[in-house]
Structures are given as C-alpha cells and as structure tokens.
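All heavy atoms count here, side chains included; hydrogens, waters and symmetry mates do not.
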Amino acid sequence: MKDENASQEATAGPQIKSVAFEKFEESPGGHEEPVAGMEILMDVPLTLSVELGKAKCYVKDLLNLTTGSVVELDRIAGDPVDILVNGKVFASGEVVVIDENFGVRIREIYSNKRSQGGVRKITG
C-alpha cells in the first residue's frame, strides 16, 4: 500500500496555487512620503570627506616621502572633486577658499536610482 501511494504522489507532482497580493495605494502626487519617525535619523552622525584625487605607489616610495614631497594625483588642478558620505560618492564640487579656510562648492548631487540603471546626476 505504501509503495502505491508514494508512486501516485511522485507522478502527480507538486500542487501549484495562484497567489493574490494586496494592492498598494500610491500617494497623491506620486511622491513618496517620509517614514514615520524619520526625525530620529536627523541626528545620526555621518562622515563627509572630499577626495581631491588618487595615487598608487609602492611601500618603498611611501616610506621615502618627507616634508615637502609632492604626490602626483590622477586629476589635474581645477578638476571637480568627489564629495563622499560614509565612503560613497554623493556629489561633486570645486574647492574654494573662504577667509583663509578651504571649502567645497557643491556643483552636482548624485542619486542612485536602480530603476534607471545606475547613478544619475541631479543639477540644481
């Protein structure tokens, strides 16, 4: 008897049922609404850094650097700099000097839209 039931189940295959999903309503205007309690994230510290350029070198070359040494970067003077938030590129801008302090003027902010196939630029 056991062998007959096992062979009938093996030939019948799995039972497939269709699934009904609940429909989501879109917010008016097509814009996403902020998640409730989003204010709590406003005080989360982030690391903001500016990358002037990159250079590759050997350890022996790095150990030979002294005060006054010049490291050649992969960008030329005047090129836009990358602005990173927590190590990820967020925007690009240009270096400015304000009252003897360096700053960065943001020129473009990037948005990562997966639906559009990668990073796109937002210009203001």
Looking at [atom1] of [X] and [atom2] of [Y], how far apart are the two atoms once the value is rounded to the nearest 0.5 Å?
{"X": "Glu72", "Y": "Lys56", "atom1": "CD", "atom2": "NZ", "value": "15.0 Å"}
{"X": "Ile106", "Y": "Glu94", "atom1": "CD1", "atom2": "CD", "value": "11.0 Å"}
{"X": "Leu62", "Y": "Ser69", "atom1": "CG", "atom2": "OG", "value": "10.0 Å"}
{"X": "Leu46", "Y": "Asn86", "atom1": "CG", "atom2": "CG", "value": "5.0 Å"}
{"X": "Leu73", "Y": "Lys54", "atom1": "CG", "atom2": "NZ", "value": "11.5 Å"}
{"X": "Ile109", "Y": "Ser92", "atom1": "CD1", "atom2": "OG", "value": "9.5 Å"}

Do [X] side-chain atoms and [Y] backbone N/O form a donor-acceptor pair below 3.5 Å?
{"X": "Arg107", "Y": "Pro80", "answer": "no"}
{"X": "Asp82", "Y": "Val89", "answer": "no"}
{"X": "Asn64", "Y": "Lys60", "answer": "yes"}

Is the shortest side-chain heavy-atom distance between Val104 and Ile83 below 4.5 Å?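 When only atoms from C-beta onward are counted, Ile83 and Val104 do touch, with a gap below 4.5 Å.
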Determine whether Val50 and Leu84 make a side-chain contact, defined as any pair of heavy atoms from C-beta on separated by less than 4.5 Å.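 In short, these two side chains do not touch, never coming nearer than 4.5 Å.
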Which atoms form the tightest heavy-atom contact between Ala91 and Glu108, and what is the distance?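 Reported closest heavy-atom pair: CB-O, 2.9 Å.
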Worked verdict on Val97 versus Phe102 for side-chain contact (heavy atoms from CB on, under 4.5 Å): CA-CA 5 Å; Val97 178; Phe102 286 109; 4.0 Å; yes
